[in-house]
Amino acid sequence: MNIVVCVKQVPDTATERKLRSDDKTLDRDAVDGVVNELDEYAVEEALKLKEAHGGEVTVLTMGPGKATETIRKALAMGADKAVHLSDAALHGSDALSTSYAMAQALKKIGFDLVILGSESTDARTGVLPAMLAERLGTPQLTLARKVDVNGSSITIERLTDYGFDRVEATLPAVVSVVEKINEPRYPSFKGIMAAKKKPVETLGIADAEIAADQVGLDAAWSEVVEFAPAPPRAAGTIVKDEGDGGAKVAEFLASKKFI
Amino acid sequence: MSEILVLVEHVDGEVKKVTLELLTLARSLGTPAAVWAGPGITADAKAKLAAYGADKIYVAGSDDVVDHVVAPKAELLAQLVADKAPAAVLVAATAEGKEVAGRLAVKTDSGVITDAVGLREGFVADQSIFGGGVNVQSRVRRGTPIVAVRPNSTAPEAAAGAGAEEEVAVSLSDGAKAARIVERVKQEKGARPELTEAAIVVSGGRGVGSAENFAIIEALADSLGGAVGASRAATDAQWYPHQFQVGQTGKTVSPQLYIAAGISGAIQHRAGMQTAKNIVAINKDPEAPIFELADYGVVGDLNQVVPQLTEEIEKRR
């Protein structure tokens with residue numbers, strides 16, 4: 001089985017994240033980049049499926065040069081090879097253009113299964129997996145907390161508000177995973193050393209047959225008009241419980257008409 | 001005024017509160033038209049949609065629309081966008097609502113905005129990003145604006161609409177039926193409101209200490225008619241089911257009232273609840289970062305404070 005895992009480099013949520021004042025895109029230079037957490041679960045699931053069914057795991061990432069750090073981490077975990085979609089023309093792409101560019105790259109790479117995290121910790125739009133399924137014309141098996149593959153058929157448990165749905169489809173398919181699905185492995189020393197020798201192919205937009213007028217800031221279907229840091233919350237009232245803490249909260253709730 | 005399509009969220013024939021919020025919001029920008037996907041629309045549901053301003057109710061009553069994952073709903077909306085040329089399409093910013101919005105955006109070559117917490121003239125949307133750290137105004141530049149609006153962003157207000165029903169025959173592509181739902185497993189317990197749309201959420205964290213002790217969190221939530229949430233520490237410890245996790249890798253909630261009991265308030269958790277209108281924190285540790293967000297905080301043992309609070313609430317009703 002030919003599995004492609006899409007991973008994204010995102011700013012570390014522990015650091016202060018900013019938008020650039022010039023073009024209102026994420027300031028990637030101001031922060032440390034890490035692998036989007038849910039994408040690590042996607043890498044783990046791909047490795048597990050490979051271990052059970054054989055095949056190959058390819059990592060695909062889109063982003064500037066620094067994103068190679070993300071590729072190295074996935075390779076060190078055990079992925080076989082990587083494709084880095086990197087081109088200055090991609091800067092400022094929104095979800096629609098990102099999904100288009102990623103879909104073009106995926107068509108070029110070829111796949112039985114695409115796996116990725118259900119959302120990223122930076123934009124948190126949660127739309128990319130569904131957009132990829134739409135663009136690739138493959139079944140959408142998103143929000144998976146469990147994945148089973150049997151020959152060419154695939155079943156997932158899709159997380160819902162009331163529990164889960166069992167969903168069936170045939171490969172090829174797009175799967176997105178939630179954090180419940182597994183426990184990502186740590187790269188071993190051996191894995192880290194081996195990762196250095198694994199092939200990483202860099203694709204520009206021409207290589208992946210991506211139309212320049214469909215990507216980047218100028219093509220974006222939506223735009224940020226204005227932004228500002230959120231005003232700090234006004235300091236609240238903090239009291240020490242002296243046996244009447246619950247009653248005091250009740251007073252507060254009553255003053256706000258909740259009770 | 002131009003029509004604004006609102007995708008109805010419904011469970012067992014009941015219209016969810018978020019849909020009434022979206023109809024209220026749509027009314028300030030155009031003429032709301034509700035879109036009901038799937039079988040089971042009731043007279044009550046129709047009356048409710050009309051009571052909150054739906055001028056039209058488009059009904060696509062076939063099983064096919066709901067027996068497959070997301071794609072059929074996007075095809076239905078895309079067909080309506082082509083037929084009715086609405087000014088915008090609004091969906092609830094739930095995990096599924098956002099997926100529908102994403103596919104619809106690709107199908108109609110339109111921009112999409114997710115997690116809007118407000119929407120103004122010209123379809124300029126307010127968003128709160130980076131875990132509540134930055135406020136953004138965005139707008140769609142191409143196509144029909146598609147906006148996923150966070151539950152609890154608007155107070156629902158009744159205003160009668162004509163509620164004229166129009167059946168929609170939707171012809172689904174084979175592709176839309178590719179992922180088939182073969183079983184729905186309901187695990188939610190009790191009659192609590194759904195987490196992402198609850199006006200009141202009571203969450204427990206590491207400080208709760210055990211699965212059994214979540215009973216005191218549940219009792220407080222029930223006394224307020226609220227939903228129960230949990231921090232990642234609590235769901236990782238398997239004290240509470242994963243689908244109730246609030247935070248960066250869980251649900252985003254934006255309730256009128258959020259009560260955090262035994263939750264330290266790590267950035268991971270804050271990302272999922274920071275836009276709550278009122279925040280109450282109960283924690284033993286006076287240094288817990290959750291107190292920086294709290295409108296009202298109690299430094300104390302939740303085992304004492306929470307039951308006392310529940311008792312006080314019961315007394316007052």
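Letters go in sequence order (proteins before strands), and every chain restarts at 1.
- With a threshold of 4.5 angstrom between heavy atoms, A:A123 does not approach chain B through any atom at all.
- Atom NZ of B:K284 has 12 or fewer neighbouring heavy atoms from other residues, nucleotides or ligands inside a 6.0 Å radius.
- The closest side-chain heavy-atom distance from A:R233 to B:E292 is not below 4.5 Å.
- Taking B:E311, B:K107, B:Q137, B:E312 one by one and counting their heavy-atom pairs under 4.5 Å with chain A, the maximum is reached by B:Q137.
- Proximity to chain B is limited to the side chain of A:L26, based on heavy atoms less than 4.5 angstrom apart.
- A:L38 places a side-chain heavy atom less than 4.5 Å from the side chain of B:T249.
- Using a 4.5 Å cut-off between heavy atoms, A:A133 contacts chain B through both its backbone and its side chain.
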(message) Before you tell me yes or no, could you show the steps for B:V112 and A:M131 under side-chain contact (heavy atoms from CB on, under 4.5 Å), namely the whole-Å CA-CA distance, both residues' side-chain angles and the distance that decides it to 0.1 Å?
(response) CA-CA 11 Å; B:V112 58; A:M131 284 180 168; 3.8 Å; yes
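- Between the side chains of B:H68 and A:Q140, no donor N or O sits under 3.5 Å from an acceptor N or O.
- With a 4.5 Å cut-off on side-chain heavy atoms, B:K251 and A:D161 count as touching.
- Contact annotation for A:K256: only side-chain heavy atoms (C-beta onward) come within less than 4.5 Å of a heavy atom of chain B.
- Using a 4.5 Å cut-off between heavy atoms, A:R17 touches chain B through backbone and side chain atoms alike.
- For A:A95, no part sits under 4.5 Å from any heavy atom of chain B, backbone or side chain.
- Contacts of A:Y100 with chain B are absent, with no heavy-atom separation under 4.5 Å from either backbone or side chain.
- Among B:V136, B:V140, B:V106, the residue with the largest count of heavy-atom pairs under 4.5 Å with chain A is B:V106.
- For A:E251, the parts lying under 4.5 angstrom from a heavy atom of chain B are both the backbone and the side chain.
- Inspection of the A:T142 and B:E99 side chains reveals an N or O donor paired with an N or O acceptor under 3.5 Å.
- When side chains are defined from C-beta on, B:D109 counts as touching A:W221, because their heavy atoms get closer than 4.5 Å.
- Most heavy-atom pairs under 4.5 Å with chain B, from the set A:E168, A:E223, A:K180: that is A:E223.
- Proximity to chain B (any heavy atom under 4.5 Å) is shown, for A:E183, by neither the backbone nor the side chain.
- The greatest number of non-hydrogen atom pairs below 4.5 Å with chain A, out of B:L104, B:L302, B:V299, is found for B:V299.
- Contacts with chain A were tallied for B:A266, B:G225, B:A178, B:G300; B:A178 has the most, counting heavy-atom pairs under 4.5 Å.
- Here B:S110 is the residue among B:S110, B:S173, B:G175 with the most heavy-atom pairs under 4.5 Å with chain A.
- Using a 4.5 Å heavy-atom cutoff, the side chains of A:E179 and B:H242 are in contact.
- At a 4.5 Å heavy-atom cutoff, the contact between A:K18 and chain B is made by backbone atoms alone.
- With a threshold of 4.5 angstrom between heavy atoms, A:L128 does not approach chain B through any atom at all.
- Counting heavy-atom pairs under 4.5 Å between each of B:I113, B:T114, B:I200, B:D295 and chain A puts B:D295 at the top.
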